[in-house]
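Heads up: the structure comes next, in structure tokens.
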Amino acid sequence: MDYQPLIIEKKWRQIWEESDLYKTPVRSQKPSYYVLEMFPYPSGQLHMGHVRNYSLGDTLARCKRMQGFDVLYPMGFDSFGLPAENAAIKQQIDPEAWTLSNVQSMEEQLKSLGFSYDWSREVVTCVPEYYRWNQWIFLKLHEKDLIYRKNGFVNWDPVDQTVLANEQVIQGRGWRSGAEVEQREIVQWYIRITDYAEELLQDLDTLTEWPESVKTMQRNWIGKSTGVSIRFPVVGSDETIEVYTTRPDTVYGITYLALAPEHPKVTEWSDADTKTFVEATKKVSKIDRGDDSKPKTGKFLGQYVTSPFTGEQIPVWTADYVLMDYGTGAVMAVPAHDERDAAFAKTYQLSVKQMDCVSKEEIIDLVESKGWGKKTINFRLRDWLISRQRYWGTPIPMLYDEAGEIVPESIENLPVLLPKDAVFNGQGNPLDKSPSFKTVERDGKTYRRETDTMDTFFDSSWYFLRFCDPKNTELPFDFEAANSWMPVDQYIGGVEHAVLHLLYARFFTKALRDLGLVSVNEPFKRLLTQGMVLKDGSKMSKSVGNTVDPGNIIKEFGADTARLFILFGAPVERDLDWSDEGVEGAFRFLKRVFRLVTEFSPVKSGFEVALEKICHKTIFRVTEDIERFSYNTAISRMMELTNFMTSHGTTQKANDILLLLLAPFAPFMTEEAWQLLGHVKSIHQTAWPKYDPGLLVDDEVTIVAQVNGKLRGQFVVPKGISQEALLALVKSDERVAKFLVDVTIIKVVFVPDKLLNFVVKS
């Protein structure tokens, strides 16, 4: 029978949707399993990276259902963000309409691939039903003093009158206007993620099913260090400059102090030339400033401090390589023991003092006993800046009275909706120019509404909890509902999210736990970071012109072929090179299986036991491979079984086993073949096959025969054969016997079921 994927897939997709085949079950006594991929931004078009990511999750979800688990497998869209606002400016289109149109398009593409999501639980972050709970959580965190407001520096485009993200600053200029970007200090909202720094660090040790590389990246981002804070008196003043160092053992080698350009003292002590330097430095990214390979530049501030250790006067400089985000924004420079300090000192001909390091604890004790400072634990992690001066995000639910005092919005007034009268002309924040939004009347008083919106990481830091209870209108999610599914058993997504998204999601889980909303400490039990999809050795990209449209593959070969190729092409952690030949090979395999099971030839006489054994070995190996995400080897094992069945014939039982094992990988074709074989119940609701351990054991083994360690023959013999019986067999075989002529056998080495080695001499 011919395999006609387009007809088959259209038919079964409709049947599955009409029957709610993949609706999440009400929690029962069965074990639960929560599978989740990092949800996408609705760009409007799936790419092959999406197909790989979601095929991995769908295969696992389908397998777990067949294995008897209650499975939660939802999908949604991370739909706030700058691309929609840019589209509104460029195309003069409503960002909501643009976004929801893209959502609808991507829903259709995902459904065409046969992914078994429960679409009744869909979460779209830009709709009020979701973002009202962003605002609710914001207010609850504010009540717990985990949210506050302070000044912070931003990239400011003076022409567009707007704040730019770092990636929108290109060589110091605004990406759209081309204007030279300024560093402007404005008041913004922050979350006290640093309150959880220690717990975020320590709990990484509990994540035993996360890649070690991801945990290392998180540890480095949190950046815990133990050192000492030391106050250096400013010469001719009662003031001091506080320095944090992890190398107090080098304090006798200090030759200058270096302050970050953003340090308050730099502003106070700068002349015109220094101010020019400071402004120029602020336009350089922190990554470039911290790059050890780049030149280190700075300015002398005309001030000195006194070293409490030597009494020497030490010059104070501002240097571009010092960042305000770490420690106190001031470093004690020891050129003899630090490469960056040495490079800076060489550039400006500053002295280098050679010295022997002393005991770290000895210096810390001295500093504390003299009252010069104290032992300090420091973190690289900084509080999370969530303010965005844009329209397309969750409005921050805060008001300001006529005196400028902060007044939190009332819970009953949520959601604070985005206005419909916003003007998108690229000039400033549209919310700041919306009269209907900006001014609020409450009990006869006039208030000004906060016009900043939230960082979109806020949306994606708790969506996995909303999936547990997506229709709740009283709370973000019910405590019992969340705890019945959480933590996510398997989370899947790109390694580019290894730090920020995962760190924020971990923080949110702990903060919401402390608010009494959930009881788990960590959101994701097991993490998989899959490789990218490449073509011609490069990541698929529109700019490179090497993209492959999944829709074209589906139209020509069907969704099952696209899925099977993407899962077979490479181990999941590695990058996958696109191959047209590989796609065609996947299609041929599916066509072969379909014909094999629908037009099968009976098993040949004498091969019944061998067929049964290879079936049970395949069940065992595929089950094990799926559990460890070795999907490519799982498919390879099914190909081996198919080859055996093609050569030696098959049975109804063997056909069923092959289709059941293949069902999570190729859901449409297997469903069609399953029904053609006479089954009434969906293959995806049928129990996963079980193997007989007794059939995994071979009755025969292959033993190698050696003479002085050199292979002279191989023998298929009964398992457990004795040394005497094996000696008789091997000596009678002329392949080995000829090497035993005219020699003396000194020793015979026998390794049961593996090896027989004659040690001889002439």
Side-chain angles (χ1 to χ4, degrees), residues 1-9 11-12 62-63 66 557-561 563-565 567-568 581-623 625-626 631-692 694-700 702 716:
M1 184 175 291
D2 287 340
Y3 171 47
Q4 298 178 296
L6 302 189
I7 296 173
I8 289 171
E9 291 173 7
K11 166 189 170 182
W12 284 109
R62 288 179 177 279
C63 181
M66 296 171 74
F557 298 104
D560 282 343
T561 292
R563 294 166 57 118
L564 195 73
F565 163 74
L567 295 173
F568 181 62
E581 294 80 10
V583 174
E584 292 167 3
F587 177 70
R588 287 195 301 271
F589 171 68
L590 292 175
K591 186 164 60 172
R592 186 180 175 199
V593 171
F594 189 78
R595 183 176 292 118
L596 171 70
V597 299
T598 57
E599 302 176 3
F600 70 87
S601 301
V603 63
K604 295 176 182 177
S605 177
F607 285 93
E608 296 88 350
V609 173
L611 175 61
E612 187 177 25
K613 280 194 169 188
I614 193 172
C615 282
H616 282 260
K617 287 178 181 178
T618 306
I619 294 170
F620 171 74
R621 290 167 178 164
V622 170
T623 304
D625 285 344
I626 290 176
Y631 286 174
N632 59 323
T633 59
I635 294 169
S636 180
R637 298 184 201 284
M638 287 184 276
M639 289 176 172
E640 292 171 4
L641 174 58
T642 302
N643 289 340
F644 186 95
M645 293 164 69
T646 302
S647 299
H648 304 297
T650 183
T651 63
Q652 175 76 40
K653 184 177 179 181
N655 289 342
D656 286 355
I657 288 172
L658 176 58
L659 289 176
L660 287 166
L661 295 177
L662 188 56
F665 299 85
F668 291 110
M669 184 278 282
T670 53
E671 183 78 290
E672 176 74 5
W674 186 253
Q675 298 294 322
L676 289 173
L677 293 182
H679 298 287
V680 176
K681 189 177 181 180
S682 169
I683 193 171
H684 304 297
Q685 293 180 319
T686 304
W688 189 253
K690 289 182 168 44
Y691 61 86
D692 180 349
L695 293 173
L696 304 182
V697 180
D698 286 319
D699 296 328
E700 296 178 327
T702 299
V716 178

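Keep in mind that this is a model prediction, so the values were computed, not measured.
The shortest distance between side-chain heavy atoms of Leu641 and Arg637 does not fall below 4.5 Å. Within the 4.5 Å cutoff, no side-chain heavy atoms of Ile614 are placed close to those of Met645. You'll find the side chain of Thr650 stays beyond 4.5 Å of the side chain of Val597, heavy atoms only. At a threshold of 4.5 Å between non-hydrogen side-chain atoms, the residues Lys613 and Leu696 do not count as touching. Two residues are said to be in side-chain contact when any heavy atoms from C-beta on lie closer than 4.5 Å; Met669 and Pro5 fail this criterion. With contacts defined as side-chain heavy-atom distances shorter than 4.5 Å, the pair Trp674/Asp656 qualifies.
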request  = Walk me through it: do Ile8 and Tyr3 pass the test side chain to side chain contact (heavy atoms under 4.5 Å, CB included)?
outcome  = CA-CA 8 Å; Ile8 289 171; Tyr3 171 47; 3.8 Å; yes

query = Can you check side chain to side chain contact (heavy atoms under 4.5 Å, CB included) on Arg621 and Thr633, steps first, answer last?
reply = CA-CA 9 Å; Arg621 290 167 178 164; Thr633 59; over 6 Å; no

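Judged by distance alone, with hydrogens and angles left aside, the side-chain atoms of Glu640 form no donor-acceptor pair with the main-chain N or O of Met638 at under 3.5 Å. His684 contributes a side-chain N or O that, together with a main-chain N or O of Pro667, makes up a donor-acceptor pair within less than 3.5 Å. For the pair Ser636 (side chain) and Asn632 (backbone), a donor-acceptor distance under 3.5 Å is absent. Using a distance-only test at 3.5 Å, with no hydrogens or angles considered, no donor-acceptor pair links the side chain of Glu671 to the main chain of Trp12. Of the possible donor and acceptor atoms, none in the side chain of Lys11 sits under 3.5 Å from a partner among the backbone N and O of Phe668. A side-chain donor-acceptor contact under 3.5 Å links Glu9 to the backbone of Asp560. With Lys617 contributing its side chain and Tyr691 its backbone, the two residues share no donor-acceptor pair below 3.5 Å.
Under the salt bridge (Lys or Arg N to Asp or Glu O under 4.0 Å) criterion, Lys591 pairs with no residue, sequence neighbours left out. Every residue meeting the side-chain contact (heavy atoms from CB on, under 4.5 Å) condition with Ile7, not counting sequence neighbours, appears here in chain and number order: Gln4. Looking at residues two or more places apart in sequence or on another chain, you find a side-chain contact (heavy atoms from CB on, under 4.5 Å) between Glu612 and His616, Lys653, Leu695. Contacts of Trp688 classified as ring pair (Phe, Tyr, Trp, His ring centres under 6.0 Å), with partners at least two apart in sequence or in another chain: none. Contacts of Phe600 classified as ring pair (Phe, Tyr, Trp, His ring centres under 6.0 Å), with partners at least two apart in sequence or in another chain: none. Not a single side chain to side chain donor-acceptor pair (under 3.5 Å) links Lys690 to another residue, sequence neighbours left out.
With rounding to the nearest 0.5 Å, the separation of CD1 in Ile626 from CZ in Arg62 is 12.0 Å. The NE2 atom of His679 sits 7.5 Å away from the CG atom of Leu660 when rounded to the nearest 0.5 Å. With values rounded to the nearest 0.5 angstrom, Thr670 atom OG1 is found 11.0 Å from Leu677 atom CG. Taking CG of Leu658 as the reference point, atom CE of Met639 lies at 11.0 Å (rounded to 0.5 Å). To the nearest 0.5 Å, the span separating CG on Leu596 from CZ on Phe589 amounts to 9.5 Å. Taken from CZ in Arg592 to OG1 in Thr642, the straight-line distance is 6.5 Å, to the nearest 0.5 Å.
When every heavy atom of Pro689 is checked against every heavy atom of Leu661, the shortest pair comes out as CG-CD2, 3.7 Å. Pro664 approaches Met66 most closely through the heavy-atom pair CG-SD, 4.2 Å. Contact record, Leu611 with Gly649: CD2-O, 4.0 Å, taken as the closest heavy-atom pair. Between Asp625 and Ala634 the shortest heavy-atom distance is OD2-N, 3.3 Å.
Ring-plane geometry between Tyr631 and Phe665 is classed as perpendicular, the angle between the planes exceeding 60 degrees on a 0 to 90 degree scale with a lower cut at 30.
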